[in-house]
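To keep things clear, I will list the structure first and then write my remarks on it.
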Amino acid sequence: MQIGCHVSISGSIDRAVDNALERECSAFQIFTRNPRGWHAKELTKTDIAIFKSKLAASGIDRLAICAHMPYLPNLATPKEDGFAKSLKTLIDETHRCAHLGIPYLVTHLGSHLGTGDEAGIKRLVRGLSEAGRIKNDVMILLENTAGQKNSVGSDFEQLGEIFAQLGPAEKFGVCLDTCHAFVSGYDLRTEEKVEEAFAEFDRYVGIKNLKIIHLNDARGGLGCNLDRHYHLGLGEIGEEGISAVVKFANRKKIPVILETPIDDERDDFANIRKAKELA
């Protein structure tokens, strides 16, 4: 069972491993840099060496670790300068992951800003394909969206159509977010519905391409398109559905990473305990 959460790199990037171990994680996700800006502080040889040393000593499987793209990049944008900056950031992030020994980089699929799905997907595929030609061993994972206005890739059929246009195959995979899937219309509230949703995902995308599951309950209801994560079992998906997802992930040996809130209700420690309990 590989379960963990997104952990902070505050102080230095190697602190992520300490934070993961403190939370009893057997998987984790990080931002390699400040996620809210375009500028990235350069990783020094010392930063890289300490991170890799701590990771090797941690016992956490390298294939249960991923990084997440920062918030600003948007490869579906019609704005040429925005597209160029987004592509540069994606390529830079693959290099940063390669230096750190992180095998997966999760990316959002972006917004076409009103220009339509077809045009947005065309730009997205162009950008991802260019990044896929970069020579390193980092796999880019496409994350399904919550179906917000102007977004692409919320339904599995469209996600599969995007994925099928990308290559080489070893450079791309998928990260499935349970909150995003639920609020975009995939019922995950019972074991039966979870099996149906994963069967549909397999038909259009392929379970073999699913490398990471973001395990989040949803504050909003089925099909509402509200991207608000919530504590496991306390949201609209509920305990039965979350339990079924964790058990599916365990059967398929897919690492599970939580992106749940930290508030007076629960923190990371409590949500990870709940995930293990539901497993």
Side-chain angles (χ1 to χ4, degrees), residues 1-10 15-31 58-61 63-68 104 106 141 143-146 174-198 201 207 210-224 226-279:
M1 185 166 63
Q2 295 173 315
I3 292 180
C5 63
H6 187 105
V7 291
S8 172
I9 63 166
S10 181
R15 286 287 300 148
V17 182
D18 302 332
N19 291 330
L21 292 174
E22 184 182 13
R23 288 157 178 76
E24 299 184 352
C25 295
S26 49
F28 69 86
Q29 175 178 273
I30 64 169
F31 292 117
S58 73
I60 299 173
D61 186 345
L63 293 178
I65 301 166
C66 63
H68 199 295
Y104 302 127
V106 178
L141 304 187
E143 182 176 354
N144 62 309
T145 58
V174 176
C175 169
L176 178 69
D177 186 299
T178 54
C179 171
H180 296 175
F182 181 75
V183 300
S184 68
Y186 294 95
D187 195 346
L188 300 173
R189 290 174 290 193
T190 67
E191 184 175 351
E192 181 182 6
K193 292 297 185 182
V194 166
E195 291 297 331
E196 287 177 8
F198 277 113
F201 181 92
I207 294 297
L210 181 56
K211 305 302 180 182
I212 297 286
I213 291 177
H214 281 170
L215 187 72
N216 302 301
D217 212 322
R219 192 178 281 274
L222 179 66
C224 72
L226 178 69
D227 186 5
R228 292 285 302 281
H229 300 180
Y230 205 50
H231 304 296
L232 301 186
L234 299 182
E236 294 293 323
I237 298 175
E239 286 198 1
E240 182 182 345
I242 293 293
S243 176
V245 172
V246 176
K247 289 172 182 175
F248 178 89
N250 287 345
R251 287 201 310 272
K252 299 295 184 179
K253 295 181 170 54
I254 301 168
V256 166
I257 292 172
L258 283 60
E259 300 172 315
T260 43
I262 298 172
D263 55 28
D264 293 339
E265 188 75 42
R266 274 198 206 148
D267 57 13
D268 287 340
F269 297 86
N271 273 304
I272 289 172
R273 283 196 298 271
K274 173 57 71 171
K276 292 177 179 179
E277 173 192 318
L278 293 174

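Between the CD1 atom of Ile254 and the CG atom of Leu210 there is a distance of 4.0 Å, given to the nearest 0.5 Å. To the nearest 0.5 Å, atoms CG (Leu222) and OG (Ser184) are separated by 8.5 Å. The distance from atom OG of Ser243 to atom CZ of Phe248, rounded to the nearest 0.5 Å, is 14.0 Å.
No donor-acceptor pair under 3.5 Å is formed between the side chain of Asn216 and the backbone N or O of Thr178. Asp217 contributes a side-chain N or O that, together with a main-chain N or O of Glu236, makes up a donor-acceptor pair within less than 3.5 Å. Checked by atom type and distance alone, the side chain of Asn19 pairs as donor or acceptor with a backbone atom of Ser8 at under 3.5 Å.
Here the closest heavy-atom approach between residue Leu176 and residue Phe198 is recorded as CD2-CE2, 3.4 Å. In plain terms, the two heavy atoms of Tyr230 and Thr260 that are nearest each other are O-CG2, 3.3 Å. Closest heavy-atom contact between Cys66 and Ile257: SG-CD1, 3.6 Å. Of all heavy-atom pairs spanning Ala218 and Phe182, the tightest one is CB-CD2, 3.8 Å. Ile60 approaches Ala20 most closely through the heavy-atom pair CD1-CB, 4.2 Å. Of all heavy-atom pairs between Ala16 and Phe28, the closest is CB-CE1, 4.4 Å.
Remark: Glu196 pairs with Lys193 by the salt bridge (Lys or Arg N to Asp or Glu O under 4.0 Å) rule, at least two apart or across chains. Arg219 meets the salt bridge (Lys or Arg N to Asp or Glu O under 4.0 Å) test with no other residue; sequence neighbours excluded. With sequence neighbours excluded, no residue satisfies salt bridge (Lys or Arg N to Asp or Glu O under 4.0 Å) with Asp61.
Side-chain contact between Asn271 and Cys5: absent, with no pair of heavy atoms (C-beta onward) separated by less than 4.5 Å. Residues Asn144 and Phe201 form no side-chain contact, since every pair of their non-hydrogen atoms from C-beta on lies 4.5 Å or further apart. With contacts defined as side-chain heavy-atom distances shorter than 4.5 Å, the pair Ile3/Leu258 qualifies. Between Arg189 and Glu240 the shortest side-chain heavy-atom distance does not fall below 4.5 Å. Side-chain contact between Pro261 and His231: present, with at least one pair of heavy atoms (C-beta onward) separated by less than 4.5 Å.
Residue pairs that meet the salt bridge (Lys or Arg N to Asp or Glu O under 4.0 Å) test with at least one member in residues 267-279, sequence neighbours left out, are Arg23-Asp268, Glu239-Lys274, Lys274-Glu277. Residue pairs meeting the salt bridge (Lys or Arg N to Asp or Glu O under 4.0 Å) criterion with at least one member in residues 226-235, sequence neighbours excluded, do not occur. Annotation: salt bridge (Lys or Arg N to Asp or Glu O under 4.0 Å) contacts involving residues 243-261, sequence neighbours excluded, comprise Glu195-Arg251.
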Query raised in the report: side-chain contact (heavy atoms from CB on, under 4.5 Å) between Leu63 and Gln2: does it pass, once the steps are laid out?
Result: CA-CA 10 Å; Leu63 293 178; Gln2 295 173 315; 6.0 Å; no

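The side chain to side chain donor-acceptor pair (under 3.5 Å) with His68 is formed by just one residue from the set His214, Glu143, His6; it is Glu143. Test Leu234, Ile237, Leu188 against Ile242 for side chain to side chain contact (heavy atoms under 4.5 Å, CB included) and you get one pass: Ile237.
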